[in-house]
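Only this structure's heavy atoms are used, side chains among them; waters, hydrogens and symmetry mates stay out. Treat the numbers as computed from the prediction; the structure is a model and nothing was measured.
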Amino acid sequence: MTKFTSMRGLLALLALCSLAAGTASAQVQTLDRVVAVVDDDVVMASELQQRMDTIVNQIRAQQVQAPPVDILRRQVLEQLIIERLQLQMASRAGVTVSEAELDQAIARVQQGAGVSPEEFRQRLEADGLTMKSFRQQIRQELLIRRVEQGSVNRRIQITEQDIDNFLRSKEGEFWKSPQYELGHILIPVSSSAPADEVTKAREKAQQLAQQIRGGADFRQLAIANSAGQNALSGGDLGWRKTVELPTLFADALEELKVGEVTEPFRSDAGFHLLKIHAQRGATEQVVEQTKVRHILVKPSAILSDDDAYNKLIDLREQIMKGADFGELARENSEDIGTMLSGGDLGWSMPGQFVPEFTQAMDNTPVGEVSMPFRSQFGWHILKVDGRRKQDMTDQYIRNQAANLLRNRRYEEELQNWRREIRDQAYVEIKLPETQEQPESTEQQ
């Protein structure tokens with residue numbers, strides 16, 4: 001007997017119920033029916049129709065032409081099938097969402113809508129939702145996101161060679177190039193002009209540079225004196241990366257700081273002055289690092305989400321009473337990479353940890369222990385051992401490049417992972433207009 005026997009029994013019972021309903025009086029409503037079997041779960045027609053209605057309303061709100069109903073139904077059903085598989089994975093892995101997390105997520109949605117709790121409830125009711133059903137919807141979305149992040153991030157490996165190749169590429173050079181808001185003044189003189197005209201133009205450019213350094217308004221001087229095409233807009237060139245500028249301009253800016261103006265430099269068009277009004281993406285990165293330790297407890301089929309939270313509450317109380325954080329980490333933490341070192345994560349870099357961990361770390365004073373908090377990996381407490389300012393320009397750039405490459409690969413890898421779990425599952429589609437056979441990689 002296979003694992004699908006009980007499911008087939010259920011389907012047979014539903015079929016009998018539907019047949020009985022068809023022969024009953026006209027006042028009896030037809031029972032809901034199964035439109036897809038997904039491993040040990042089912043998708044019901046009512047769910048499919050509800051999701052269809054939601055998506056059609058979204059399409060209409062965007063004033064976009066909706067695809068034919070049969071095509072849209074197929075796409076929506078596939079979406080529901082993938083969600084069923086992800087929720088089953090969450091259940092098998094013991095992934096849960098606590099009531100506190102759910103409350104926080106709903107509060108963020110409400111705040112984003114800019115309404116009061118009562119107005120928010122009224123909007124839900126207008127959309128045909130109760131607060132209970134909305135909570136369940138948000139819970140499922142959080143579970144799915146947690147399963148996706150945990151599964152997909154494990155599949156993405158960014159090597160030092162990947163980072164090196166990116167930084168050496170033209171795209172990498174463009175990406176790490178600083179961006180300047182520039183002002184430009186051109187004092188024209190042709191390349192074939194006699195020496196006295198060249199001298200006169202150079203002296204005028206030098207006088208303007210001195211006036212600017214003395215506090216004169218660059219934009220006013222540009223309007224009055226520049227022959228550049230942006231003269232009437234105060235010589236503004238807008239925001240430019242150095243790699244977007246002529247080499248002559250980029251070289252002149254090399255040692256310049258925000259608010260400074262270059263010495264006059266010459267091209268075939270004449271003498272130029274450049275001023276940096278503002279800068280984004282500075283090449284020098286002095287960052288605040290945090291030295292931190294943590295204890296991780298993962299909820300499981302044996303240890304509930306609330307139990308994991310309470311266990312960390314107890315450990316925190318022991319630490320507050322004088323217990324050694326490192327010893328408790330070695331005895332209790334489920335982070336294999338750090339448990340033997342007493343939970344030590346070393347000196348952190350910006351963007352190194354997931355947002356929940358970073359927020360807790362930033363909000364915890366030196367020497368103190370955080371309250372338990374949840375991330376995609378489980379429940380944590382952390383202790384901040386120190387903070388320092390560090391010039392980490394090169395490492396910062398590499399970390400940012402690694403994050404960029406990881407984010408690029410995430411969406412592609414997410415689609416690959418979804419396709420894999422779909423291909424490995426038993427799925428039987430039971431839409432009446434299709435004659436599809438069961439799809440399975442398993443022997444029945």
Side-chain angles (χ1 to χ4, degrees), residues 163 165-191 193 197-198 200-287 350-351 391-408 411:
I163 298 172
N165 292 341
F166 171 73
L167 293 177
R168 284 196 294 262
S169 69
K170 288 184 178 179
E171 182 189 8
E173 289 289 341
F174 181 84
W175 172 80
K176 68 183 180 182
S177 172
Q179 193 176 34
Y180 301 109
E181 185 184 17
L182 296 175
H184 174 234
I185 292 175
L186 170 64
I187 305 302
V189 61
S190 70
S191 58
E197 288 186 20
V198 173
K200 184 177 179 180
R202 179 186 294 109
E203 289 176 348
K204 182 176 182 180
Q206 289 172 337
Q207 290 171 2
L208 291 173
Q210 290 174 0
Q211 292 179 48
I212 294 165
R213 294 189 183 106
D217 187 277
F218 184 96
R219 291 180 171 87
Q220 289 182 0
L221 292 179
I223 293 171
N225 298 278
S226 179
Q229 64 180 18
N230 303 94
L232 295 180
S233 61
D236 287 343
L237 296 180
W239 286 95
R240 301 287 185 91
K241 282 182 170 287
T242 51
V243 294
E244 298 176 299
L245 296 170
T247 303
L248 193 66
F249 282 28
D251 291 344
L253 293 172
E254 202 165 276
E255 301 297 330
L256 210 64
K257 297 179 181 179
V258 174
E260 294 181 346
V261 65
T262 63
E263 290 293 333
F265 59 95
R266 189 178 180 184
S267 73
D268 290 341
F271 288 94
H272 304 264
L273 293 173
L274 291 174
K275 181 180 179 180
I276 300 178
H277 294 303
Q279 182 176 351
R280 294 193 294 226
T283 55
E284 183 180 6
Q285 293 289 342
V286 177
V287 300
D391 183 358
M392 299 294 289
T393 302
D394 291 339
Q395 190 59 48
Y396 180 83
I397 290 173
R398 293 184 70 82
N399 285 349
Q400 294 299 312
N403 287 337
L404 182 147
L405 294 174
R406 185 175 292 104
N407 290 338
R408 284 183 178 178
E411 188 60 34

Check: Considering only heavy atoms from C-beta outward, does the side chain of Val261 approach that of Ile185 to under 4.5 Å?
Finding: no
Item checked: Salt-bridge present (Arg213, Glu263; N to O < 4.0 Å) -> yes
Margin query: Quick one: does any side-chain atom of Asp217 pair with a main-chain N or O of Arg219 as donor and acceptor, under 3.5 Å?
Written below: yes
Notebook entry, point to check: Do Leu245 and Leu182 pass the side-chain contact (heavy atoms from CB on, under 4.5 Å) test, and can you show the C-alpha distance, the side-chain angles, and the key distance before you say yes or no?
Noted result: CA-CA 11 Å; Leu245 296 170; Leu182 296 175; 3.8 Å; yes
Checklist line | Heavy-atom neighbours of Glu244 CD exceed 12 at 6.0 Å | finding: yes
Check: When rounded to the nearest 0.5 angstrom, what distance separates CG in Leu253 from OG1 in Thr242?
Finding: 8.0 Å
Margin query: Ignoring hydrogens, what is the shortest heavy-atom contact between Ser169 and Gly172? Give both atom names and the distance.
Written below: OG-N, 3.0 Å
Item checked: Test item: Val258 and Tyr180 side chains (from C-beta on) under 4.5 Å apart, heavy atoms -> no
Notebook entry, point to check: Counting only heavy atoms not in Leu232, do more than 12 sit closer than 6.0 Å to its CG atom?
Noted result: no
Checklist line | From CD (Glu181) to CH2 (Trp239), nearest 0.5 Å | finding: 5.0 Å
Item checked: Closest approach of Lys257 to Ile276 (non-hydrogen atoms, all atoms of both residues) -> O-CB, 4.0 Å
Item checked: Parallel, tilted or perpendicular: rings of His272 and Phe249 (30°, 60°) -> perpendicular
Notebook entry, point to check: How long is the span from the OG1 atom in Thr262 to the NZ atom in Lys275, to the nearest 0.5 Å?
Noted result: 11.5 Å
Please tabulate, one pair per line, all N/O donor-acceptor pairs under 3.5 Å involving side-chain atoms of residues 200-209, not counting sequence neighbours.
none

Next item on the list: Kindly give the heavy-atom pair with the smallest separation between Arg240 and Leu237, and that separation in Å.
Entry: NE-O, 3.1 Å
Item checked: Distance-minimising heavy-atom pair for Leu274 and His184 -> CD2-CD2, 3.8 Å
Next item on the list: Specify the closest pair of heavy atoms between Ala216 and Leu221, including all atoms of both residues, with the distance to one decimal.
Entry: CB-CD1, 3.9 Å
Checklist line | Non-hydrogen side-chain atoms of Val198 and Val189 separated by less than 4.5 Å | finding: yes
Next item on the list: Give me the ring orientation class for His277 and Phe218: parallel if the planes are under 30° apart, tilted from 30 to 60°, perpendicular past 60°.
Entry: perpendicular
Notebook entry, point to check: What closest approach, in Å, do Pro178 and Gln279 show between heavy atoms, and which atom pair accounts for it?
Noted result: CB-NE2, 3.7 Å
Check residues 400-407 and write down every donor-acceptor pair under 3.5 Å in which the side-chain atom is one partner and the other belongs to a residue at least two apart or another chain.
| unit_1 | atom_1 | unit_2 | atom_2 | d |
| --- | --- | --- | --- | --- |
| Asn403 | OD1 | Arg406 | NH1 | 3.3 |
| Asn403 | ND2 | Asn399 | O | 3.4 |
| Asn407 | ND2 | Asn403 | O | 3.2 |

